[in-house]
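Have a look at the structure below, then the notes.
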Amino acid sequence: MLTRSVVGETMKYIVGKDVRKMLKRKDSDAGERGRALEELRTSVFSELRTSEGAKRLQQRFCGPEVALTFNFMIAVSIIMMNKLLLGKVGFNYPIFLTLIHYALSWLLLASLNACALLPASPPAKATPFTSLIFLGVIMAFSNGLANVSLKFNSVGFYQMAKISVTPTIVLSEFLFFGKRVSFQKVLALTVVSVGVAIATVTDLQFNLFGASIALTWIVPSAANKILWSNLQQQDNWTALALMWKTTPITIFTLVAVMPWLDPPGLLAFNWNVYNVLAIIFSATLGFLLQWSGALALGATSATTHVVLGQFKTCVILLGGFVVFQSNPGMSSIGGAVVALGAMSVYTYLNLKEACEPVGKPLVLKQNSLSSLKGKVSKANDNSHDGNEGAEFV
């Protein structure tokens, strides 16, 4: 009996000791995880305090693939939502809808700023304030006139105006920034534009006022994309910081042009709970669309962002044919397939150009290292031969 009790006490001691070790180990692991999370949080906050750190953070977590995918998903969602607003809800005030989008965006950005989560802006001397004012005004006309154009034009004429943005961007970047595009890219973009035109332009109903709005919209749309891309890539702006600076200017511009472009009767609209929630949801998607578009423009280029929009159009058309058995016609399907093929070629050419600057310096560096090693070994041989006959004191 005594032996049995001794063995029992010994087992309890051993098991208790193991349990205490396990608990201590778990406490230690939990403490290490807590310290790691605290270090990560401190690192993120410290990087958000400088424009360079915030830019590095954006590039680290939101590369071209993530930004383009994010923008694509939000763009498709807001198209469906705006169709619901303009069709079933009957909210026929495009400028005021854009104004609501930007007002909600400003409120969300102000909340981020109050919580110290908004990335820091570059120094004031880095970007002239006139550039920010110009971008804010351009944003108002680009988004507002797009909605007005969609309202007064047929879908075919609206798509033709969208296709015209691509050559406008290429020409503007060449004239004002000296940016050249290779012949292969120009050919690919031409095939993309022709394919999208065949796929989507089924009716070209002409309306003088609508056509004037569409033609007026092309230049602000191209300038908007070029400025967003250049300011982020050259002046260390992040998407959220640039949105915070330009959104108030856009809001004031929309308020100024709203009486001229929106029809009367806004107060007579049926402002019930369902309609208000639909408008708020559309405004939330509008904020995400603006943010994702800015991320995509900062990570790629204005031309690539336009091609992404055309890719979205072709995917929606082909998706409706495959999934919902819609029949847009063989010419539309063929045009969409041709456009997608040309987009693949354009993407390949972009990836090839992106890899070339990285590959060439590596080759030069390897050649220079090989040459340097040869010179060093030769110098060592000469010094070795010379040292054999030398006298040391």
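Along the sequence shown, residues are numbered consecutively beginning with 1.
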Checklist entry - Going through the checks in order, is the side chain to side chain contact (heavy atoms under 4.5 Å, CB included) test met by Asn350 and Lys185? => result CA-CA 8 Å; Asn350 272 342; Lys185 277 191 177 183; 2.5 Å; yes
Checklist entry - Which pair of heavy atoms, one from Ala336 and one from Ala199, lies closest together, and at what distance? => result N-CB, 3.5 Å
Next on the checklist: More than 12 heavy atoms of other residues, nucleotides or ligands under 6.0 Å from CH2 of Trp244: yes or no?
Outcome noted: yes
Checklist entry - Going by atom types only, do Gln310 and Thr166 share a side-chain donor-acceptor pair under 3.5 Å? => result yes
Next on the checklist: Can a side-chain donor-acceptor contact be found between Thr127 and Trp237 if the only test is distance below 3.5 angstrom?
Outcome noted: yes
Next on the checklist: Quick check: closest heavy atoms across Met81 and Ala278, and the distance to 0.1 Å?
Outcome noted: CE-O, 3.3 Å
Item to check | Residues forming a ring pair (Phe, Tyr, Trp, His ring centres under 6.0 Å) with Tyr346, sequence neighbours excluded | outcome: none
Item to check | Check against side chain to side chain contact (heavy atoms under 4.5 Å, CB included), Thr250 and Val137 | outcome: CA-CA 5 Å; Thr250 304; Val137 174; over 6 Å; no
Checklist outcome for this item: Here the gap from Ser142 atom OG to Ile218 atom CD1, rounded to the nearest 0.5 Å, amounts to 11.5 Å
Checklist outcome for this item: Taken to the nearest 0.5 Å, the spacing of Trp106 CH2 from Ile251 CD1 works out to 7.5 Å
Next on the checklist: With side-chain contact (heavy atoms from CB on, under 4.5 Å) as the test, pick out the partner of Asp262 among Leu97, Ile95, Leu99.
Outcome noted: Ile95
Next on the checklist: Taking CZ in Phe209 as the centre, count heavy atoms belonging to other residues, nucleotides or ligands within less than 6.0 Å. Is the count above 12?
Outcome noted: yes
Item to check | Lys245 vs Phe129 side-chain heavy atoms within contact, under 4.5 Å | outcome: no
Checklist entry - Between Asn143 and Thr98, is any side-chain donor less than 3.5 angstrom from a side-chain acceptor? => result no
Checklist entry - Can you hop from Leu277 to Tyr93 via hydrophobic side chains spaced under 4.5 Å? => result no
Checklist entry - Nearest heavy-atom pair of Ala296 and Leu68: which atoms, and what distance? => result CB-CD2, 3.9 Å
Item to check | Within 6.0 Å of CZ in Phe91, more than 12 heavy atoms from elsewhere | outcome: yes
Checklist outcome for this item: dist Leu145:CG -> Leu215:CG (nearest 0.5 Å) comes out at 11.5 Å
Checklist entry - What are the two closest non-hydrogen atoms of Ile169 and Ala222, and how far apart are they? => result CG1-CB, 3.6 Å
Checklist entry - For Asn71 and His305, does a side-chain donor sit closer than 3.5 Å to a side-chain acceptor? => result yes
Item to check | Trp228 side chain near Gln290 side chain, heavy-atom distance below 4.5 Å | outcome: yes
Checklist entry - Looking at Ser331 and Ile198, what are the two nearest heavy atoms and their distance? => result O-CG2, 3.2 Å
Item to check | Intermediate values then yes/no, side chain to side chain contact (heavy atoms under 4.5 Å, CB included), Trp217 and Val148 | outcome: CA-CA 9 Å; Trp217 168 76; Val148 176; over 6 Å; no
Item to check | Test item: Ser229 side-chain N/O and Leu297 main-chain N/O as donor-acceptor pair under 3.5 Å | outcome: yes
Item to check | Close side-chain approach of Phe269 and Val89, heavy atoms under 4.5 Å | outcome: yes
Checklist entry - Honestly curious: do Val194 and Leu187 fall in one hydrophobic cluster under the side-chain, below-4.5 Å linking rule? => result no
Checklist entry - If you count the non-hydrogen atoms of other residues, nucleotides and ligands that lie under 6.0 Å from CZ in Phe281, is the total more than 12? => result no
Next on the checklist: What verdict does the side chain to side chain contact (heavy atoms under 4.5 Å, CB included) test give for Phe287 and Leu107, after you've listed the backbone C-alpha separation in whole Å, the side-chain angles of each residue and the deciding distance to 0.1 Å?
Outcome noted: CA-CA 10 Å; Phe287 166 74; Leu107 290 175; over 6 Å; no
Checklist entry - How are the rings of Phe72 and Phe311 set relative to one another: parallel (under 30°), tilted (30 to 60°) or perpendicular (over 60°)? => result tilted
Checklist entry - Do you reckon Leu175 sits in the same ILVMFWY cluster as Leu227, going by side-chain contacts under 4.5 Å, direct or chained? => result yes
Checklist entry - Is there a chain of hydrophobic side chains (I, L, V, M, F, W, Y, each step under 4.5 Å between heavy atoms) that links Val219 to Leu171? => result no
Item to check | Joint hydrophobic cluster, Leu189 plus Val191, side-chain heavy atoms closer than 4.5 Å | outcome: no
Item to check | Side-chain donor-acceptor pair present, Trp271, Asn275, cut-off under 3.5 Å | outcome: no
Checklist entry - When rounded to the nearest 0.5 angstrom, what distance separates NE2 in His101 from OG1 in Thr247? => result 13.0 Å
Checklist entry - CD1/Ile226 to CG/Leu135 distance, rounded to the nearest 0.5 angstrom? => result 12.0 Å
Item to check | Rounded distance [0.5 Å steps], CG in Leu295 versus OG1 in Thr69 | outcome: 12.0 Å
Next on the checklist: If you count heavy atoms of other groups shown closer than 6.0 angstrom to CZ of Phe134, is the number above 12?
Outcome noted: no
Checklist entry - Do Gln232 and Gln58 have side chains that get closer than 4.5 Å, going by heavy atoms? => result yes
Checklist outcome for this item: For Ile249 and Thr253 the tightest heavy-atom approach is O-OG1, 2.9 Å
